[in-house]
Every structure is written in C-alpha cells, then in structure tokens.
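Atoms considered below: every heavy atom in the structure, side chains included; atoms not considered: hydrogens, waters and symmetry mates. Chain identifiers are assigned alphabetically (A, B, ...) following the order of the sequence lines, protein sequences preceding nucleic acid strands; residue numbering begins at 1 within each chain.
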Amino acid sequence: MSQITVSLPDGSERELAEGASAADLAASIGPRLAADAVVAVVDGAERDLAAPLADGSSVEIVTASSDRGLHTLRHSTAHVLAQAVLDLFPGATFAIGPPIEHGFYYDFELPGGGTFSDADLERIEDRMREIIDADQPFRRVEMAAEDALELFEAHPYKRAIIEAVALGVGADGDLASEASEGGTVSCYRNDAGGDADGFVDLCLGPHVPSTGRLGHFALQRVSGAYWRGSERNPMLQRIYGTAWATRKELAGHLHRLAEAERRDHRRLAAELDLVSWPAELGPGLAVWHPKGALIRKLMEDYSRQRHADGGYEFVFSPHIAKSVLWETSGHLDFYAESMYPPMEMDGTDYYPKPMNCPFHVMIYRSSQRSYRDLPMRLFELGAVYRYELSGAVHGLLRSRGFTQDDSHIFCAREHLASELASLLEFVLSVLEAFGFNDFQARLSTRPAGKYVGEEALWNEATEGLRAALESAGLDYETDEGGGAFYGPKIDVDVRDAIGRSWQLSTIQLDFNLPERFGLEYVASDGSRPRPVMIHRALFGSVERFFGVLLEHYAGAFPAWLAPVQAEVLPVAAAHAGYAAEVADTLRSRGFRTEVSPADEPLGKRVRNAKVAKVPYVLVVGDDDTANGTVGVNARGAKGPERDVPLEAFADRLAQEVEARS
RNA sequence: GCCCGAAUAGCUCAGUCGGUAGAGCGACGCUCUCGUAAAGCGUAGGUCAGGGGUUCAAGUCCCCUUUCGGGCUCCA
C-alpha cells in the first residue's frame, strides 16, 4: 500500500497510509489529541478532520482550546440549533447561523410570522442536547448549485444564498465577487440514525466530526434581525447562544455576564443616586443628580486643567446655527440623517449642532492667521444633539444629547508629525489618570473609493499617525481603507476592569473642512497655505465616559472622584460634637465629608456607607474623643483600624487623592 | 425607525379563573444612644405608564400612544 507524507507545524513529517485523514493523523500522534481535535488546517485552509489528506500537505490539528477550534465548535453548535428548531417547528425555515464572539446565532422564520418564547428556548435546548447525545456525524457533501436549489426548495433564504454564492445572481457585488468556481456548493448532513431523515444544511464548513463533541453551550435570548441586516428585508427571528470547550469556561462566561449586569451603569446610577432618565424628557435624555453631577464636574475640572497645561485655549459656541453653516460644512449633505430637524425662525432654518467643528472653524477664520499662531488648539466641552434611532439609545452610552470634550487643532503641514505624536501621548496620559492602562489602537487609512485631499498629504498624515503609535509603544492594528473620506485617523480603545473593550478616544485628520471653509494662514514666505485640521475627542462623550467609568469601577469611584470621601459616624449621640470637629477638620483640608448622626444603630450606618461605596468610614467614640483619633474602615479592607490620629488619616487621604489611585 | 418583550408604592417585586391593591426595603414619626454591613413600634405613600374599547365588573382581555429592555449581515 502506498504512503503519503505530511508535515506538522513543528516541521516534523509523518507517513500515513494513502487516503488517511487528519483524524487518522491525530490518532497517530496520540489518543488525547484525537479526542480533542475538532478541525484541521491543511495548507492554510480549514478542513474537516475526516477529509482525506494529499501527499506533501502541511497539516495542523486544531483543538477547541484555540480560537480557531472554538470558532468551529460554535459554528457546529449553531448547526445543531437549526436542526433542533426545524425538528420542533414544522414549516420553519432557516437563514444563516455563524459563530460570533463568545457564541453563535441562527436566524429563522416561523410560519405565519410566529415568534419564539422563552419556553421555546428551553424546548429547543433540550432537543439540542438529545442531538448531541446521539453523537451524529457531520458529513460534508458537495453538489451542483442546481441540485442544492432543489434540495432547499422549501427554504427561500438558503436558495438566495446559493444563488448569490454559487451563481452570482441577485446579490450585491461583494457576494458575487466571491462566488465559488464551478457553481458547486457544500452542504453538511448529519444522519439521525434509524429511518429518520436526518438534517442537512447549506454550509461552507468545516464542522466538528460529530455532534458528540459539543455540549457546553446555553441558549441566551431571542430577538429580531433583518435578513441581510437591511430594514427593507423581512424580519427574522434570531436565537443567540454561547458555547465553550469546557464546562468551566461556560460557567466562567456566564459569571462574567452576571458581573457585567451587576456593573450596569443604569442600575448603579439609580442605586447611587447619580443620574436618571425621566420618561417626560424622551429617549436618550438624562438629568444629573447632585452626586452624579459632582463626579462629572470633577472629571471635567481635571480635563480642563490638563488641557490648560497642554497648551489648549478654551472656547464656547452656541447650540444652534443657521442652515448655511451646515451647508458649507457639508453636514447637511452627509450627516443630515443623524441631525435633529431644524426649527424655523424669522424665515431661516436653525439646526441644533451635532458637532462642534464648524464653530471652531469660525473662530479660526475670525481673523487672519499667521504661521506664528499655529498650532492653534481650541478646546470646548460642547453639548451636541444627535438624532439616534430610538431603538439604539442606551443609558449614557448612547444618548441623543451629550457633551463632547472636543478639540480642533489647526496646524501647519510640516508640524503635523510632531503634533500627532504629542497629541497621542496627551490622550493616553489623561486616560491613565482615570484608571485605564490597557489600550488597543486602530489606524484607519485612505478609503479605496472617494476621498478628498491630495495623496501625498494623506500619506504624510498616515505616516505621522503611525509614527505616533510606534513612539507611544501602543499595540495597534491597521484598518486599510477604513478611514473617512476626509482623512485618516487613530481610534483608541481601552479595556476595563472586567476585560471589556470600549472605544473612547479618536484623533482624526480632516482635509475637508479647511477646504470647504477656505482656511489659510500666512506662512513665513508670505504664501497662504491651508492649515491641516485635527479633530480630537478624548473621553469622546463626557456622559458616555462617565458611564464607562461607572461600570469600570463598579460604582466604587476612587477617592479623588468619590462624591463623599469620608463619612464620620459618632458611636453615640454623646460623640456628635467630636464627629463634627473631625468633619470640620477634614473639610478645611478640602475633603468631601459627611456626618451620619447616631439615631440609627452603628452597624446600620456602617452598612449604609458601604452600600453607598464611600471610600472611608470613620467611626468615632469615647477613645477617639479623648485622644483625637478616628477608627478607619476603608472600602475593600478586611477590617477596621482603630486609634488612627486624625492628622495621619487626613495625610493619607490627601496622598491618595493626589495620586488619583 | 423596525421586530420581540416589559411597565403595579421612591426601589425590588407578588397579585390565581376578570370580582374593587399587597410584601420587603426606603421615606416619615416616636422609642432606643449603640465601637464597625440591616434595632423596635407606628404612619404616610397607588388615576396599576397614559388614552380608548369589550364587560354587570378590567391591574388582569383587545386597540392606540409613551417610556424602558434585548436585537437589527464579523457572506452558507
């Protein structure tokens, strides 16, 4: 019998019988690998383990412990979901079911526009477990598109996919361009055993060898989703699930979800009396209560101080402007859908501003500028209004009115590189002060299609951004062609305390507005070049940043931001005088301090302060009154400290506030 | 905007088959004066989101509106 030779990722080679599969290869390496393998990568392409190997190929066996393997596992679980739904709901049809981050989904359409209920999810999950217990093999079948169209006769969405993918019919350019050669498609069939028909799905694959490899999954929720994401198309019923390689990983994920819910800024905002969303205001519009407003003010004060130190000049601009401004800026051309409708006054339309930039351009243009004036860094905490879809608003994270910490920097082309480098450094250093130190950046470059500005300027700016990223030592990925038509940009994401990523800051070049508004400056040689404009938002939205911080800290703001830094609890009414003295001393040193009088039991008052997440609870009784000390119960500490001299505590708090820790 | 779901006291929620509204916490009052995460007793608090309809009777069933929640292509 002839042999084939395949190579492994470590460079070693193995001989196998002709016709051997990746599964055979895994078995030849070890029983453990054979059991854990879910898919193979053959010459760089993912393949089913059962696919025969060609002589000379390089093969990697992938287990569910890798991202690639997990991807396949989730994909196969989605497939089982579809099988269960088609079993349980006669007349149901199915569309697509890809793996996604943490899990998978599958889109269905039920006869008569039916919907899934939570009880249905349980039934479906039970059926999925039966299918998994049956350990049905996934078998790949390739067939002509015409045959597939017949096979999926009752499933119009599958037919649409076949037509788009294999025949290039009725699809947009992207799909048609990737049509597979020869008009064939692949399907996966898993046999139910006995005389049952089994289940077949149109699928590129690959899949795990059999359903028995699956099992650590949970169905999560059902929602509506448009076919191909377009609101012009029918609304399908989407079922979301999560799937993992091990029971422990599944449990960990469910725990993280519970943790995220515990940190939900809308819940914490209510519990800590920070912000509310009265129904009378409308979607996406919040009011700030005294404690929330205090924290916000501290954030804004710090931001202003840093900007002052960083060479920015503060400006203000109105909330509305005549339509002519937005016509000149181009917003009415390309951004009108996100703008509030105009109000008509004295025969002219006025629009609430969705951005501050045109106003800052007006300030630049208010007098002739010289190269000596550049870079001109204008900063405003400017409230903007955007008409977000009512279904998209979400607490402080997506609202219809918010405050941008918006800078516009006008600089000469030759100073671009150094300005970008210092800008990025500035952004990162402010974010670090708020407790973020895990950053991820994205560089978006010139789009392939329509763009403004000369290519040389694009290249210069893009390289300037790249150099800034390199010198900051930041991890970044490049989104080739992902930039806006008016300039390249850097987006900075931060990772929060529970590993979630938030896009916050952006540094965006703009070659468009200076052109539209005819900006120029007088250079040293008397020529009049255009300045380059840089948009820079750091928090992005003050409100959203506050929401992210609230979730990051789970409501336990560090001392420098805590609305109450120390709460003084007299043990009994007799200590009220000393408690007041302690509070006065702390206030005179600039600390935010409250006294909780002894008309409730001490334990209850300690609890109240803990629930309010006050950094320091100070208990004062007889000993303290006699000795000028306090009992210090720090947030997060194991137990209270006794007999701490008041001055020593005040110094410690001062240090902590100073360090913003 | 669109799909599904939800809305009962300040908060969290119960309310059966359609039969006239409940609890805990919080608030307020009185008592207790206490050394580290919930003292005792009492009182107030509701147009059951708003509007319309069905019914002898609606928190409960139907319709509309408002707000909230989840979701709305990382091509099979």
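The C1' atoms of B/A7 and B/U43 are separated by 28 Å, rounded to the nearest whole Å. For the C1' atom pair drawn from B/C63 and B/C72, the interatomic distance equals 27 Å after rounding to whole Å. Comparing the C1' positions of B/G1 and B/G15 gives an interatomic distance of 36 Å, to the nearest angstrom. Here, B/C25 and B/A38 have their C1' atoms 10 Å apart, quoted to the whole Å. Remark: the separation of the C1' atoms in B/C68 and B/U73 is 27 Å, to the nearest Å. For the P atoms, the distance from B/U8 to B/C13 is 9 Å, rounded to whole Å. For the C1' atoms, the distance linking B/A49 with B/U67 amounts to 8 Å, nearest Å. Between B/U33 and B/A39, the distance separating the two P atoms is 15 Å to the nearest Å.
Of the candidates A/V39, A/V208, A/I132, A/T77, A/R213 forms a side chain to side chain contact (heavy atoms under 4.5 Å, CB included) with just one, namely A/V208.
Between the side chains of A/D107 and A/Y157, no donor-acceptor pair of N or O atoms lies under 3.5 Å.
Screening residues 591-601 of chain A for side chain to side chain donor-acceptor pair (under 3.5 Å) gives no qualifying pairs among residues at least two apart or on separate chains. A side chain to side chain donor-acceptor pair (under 3.5 Å) check over residues 566-583 of chain A, counting only residues at least two apart or in different chains, returns the pairs A/H575-A/D622.
When the C1' atom of B/U73 is taken as reference, atom OH of A/Y157 falls 14 Å away, rounded to whole Å. Taking atom CG on A/L569 and atom C1' on B/A39, their separation rounds to 16 Å, with Å as the unit. Look at CH2 on A/W227: it is 17 Å from C1' on B/G71, rounded to the nearest Å. When the P atom of B/C74 is taken as reference, atom CZ of A/R442 falls 15 Å away, rounded to whole Å. Atom CZ of A/F104 and atom C1' of B/C74 are 17 Å apart (whole Å). Here the P atom of nucleotide B/G70 and the NE2 atom of A/H102 are 17 Å apart, to the nearest Å. When the C1' atom of B/U73 is taken as reference, atom CZ of A/F108 falls 16 Å away, rounded to whole Å. Between the C1' atom of B/U73 and the CG atom of A/L236 lies a distance of 11 Å, rounded to the nearest Å.
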Mark up nucleotides 32-37 of chain B, 5' to 3', with B wherever a protein heavy atom is under 4.0 angstrom from a base atom, S wherever such an atom reaches only the sugar-phosphate, and - elsewhere. BBBBBB
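The side chain of A/H394 places an N or O atom within less than 4.0 Å of a non-bridging phosphate oxygen (OP1 or OP2) of B/G70.
Listed by chain and number, the residues in a salt bridge (charged side-chain N to carboxylate O under 4.0 Å, His left out) with A/R607 amount to none (sequence neighbours excluded). Every side-chain contact (heavy atoms from CB on, under 4.5 Å) that A/P354 has, sequence neighbours left out, goes to A/W326, A/Y335, A/M339, A/R386. Residues passing the salt bridge (charged side-chain N to carboxylate O under 4.0 Å, His left out) test with A/E150: none are found, sequence neighbours excluded. A/D201 is linked by a salt bridge (charged side-chain N to carboxylate O under 4.0 Å, His left out) to A/K158, counting only residues two or more places apart in sequence or in another chain. Applying the salt bridge (charged side-chain N to carboxylate O under 4.0 Å, His left out) criterion to A/D264, with sequence neighbours excluded, gives A/R266.
Nearest approach of A/V38 to A/T72, heavy atoms of both residues: O-CG2, 4.5 Å.
Residue A/I100 is in base contact, counting any heavy-atom pair closer than 4.0 Å across all strands shown. Note on A/Y240: only backbone sugar-phosphate atoms sit closer than 4.0 angstrom, heavy atoms only; bases stay farther off. Residue A/P570 is classed as having no contact, given no heavy-atom separation below 4.0 Å to the nucleic acid.
Where pairing requires Watson-Crick or G-U contacts shorter than 3.5 Å, the helical stems of RNA chain B with at least three consecutive pairs are B:1-7 with B:66-72, B:10-13 with B:22-25, B:27-31 with B:39-43, B:49-53 with B:61-65.
For the pair A/V393 and A/R238, both in contact range of RNA chain B, the more 5′-proximal nearest nucleotide belongs to A/V393. For the pair A/D264 and A/Y105, both in contact range of RNA chain B, the more 5′-proximal nearest nucleotide belongs to A/D264.
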Just the table, please: protein N/O against nucleotides 63-67 of chain B N/O, every pair under 3.5 Å.
none

Between side-chain atoms of residues 285-294 of chain A and protein atoms elsewhere (two or more places apart, or another chain), which donor-acceptor pairs fall under 3.5 Å?
from	atom 1	to	atom 2	distance (Å)
A/H289	ND1	A/D273	OD1	2.8
A/H289	NE2	A/S276	OG	2.7

Enumerate, atom names and distances included, each donor-acceptor pair closer than 3.5 Å involving a side-chain atom of residues 637-650 of chain A, sequence neighbours excluded.
from	atom 1	to	atom 2	distance (Å)
A/E641	OE1	A/R652	NH1	3.3
A/E641	OE2	A/R652	NH1	3.4
A/E641	OE2	A/R652	NH2	3.4
A/E647	OE1	A/R589	NH1	3.2

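Judged by the 6.0 Å and 45° rule, A/R221 forms a cation-pi pair with A/Y240.
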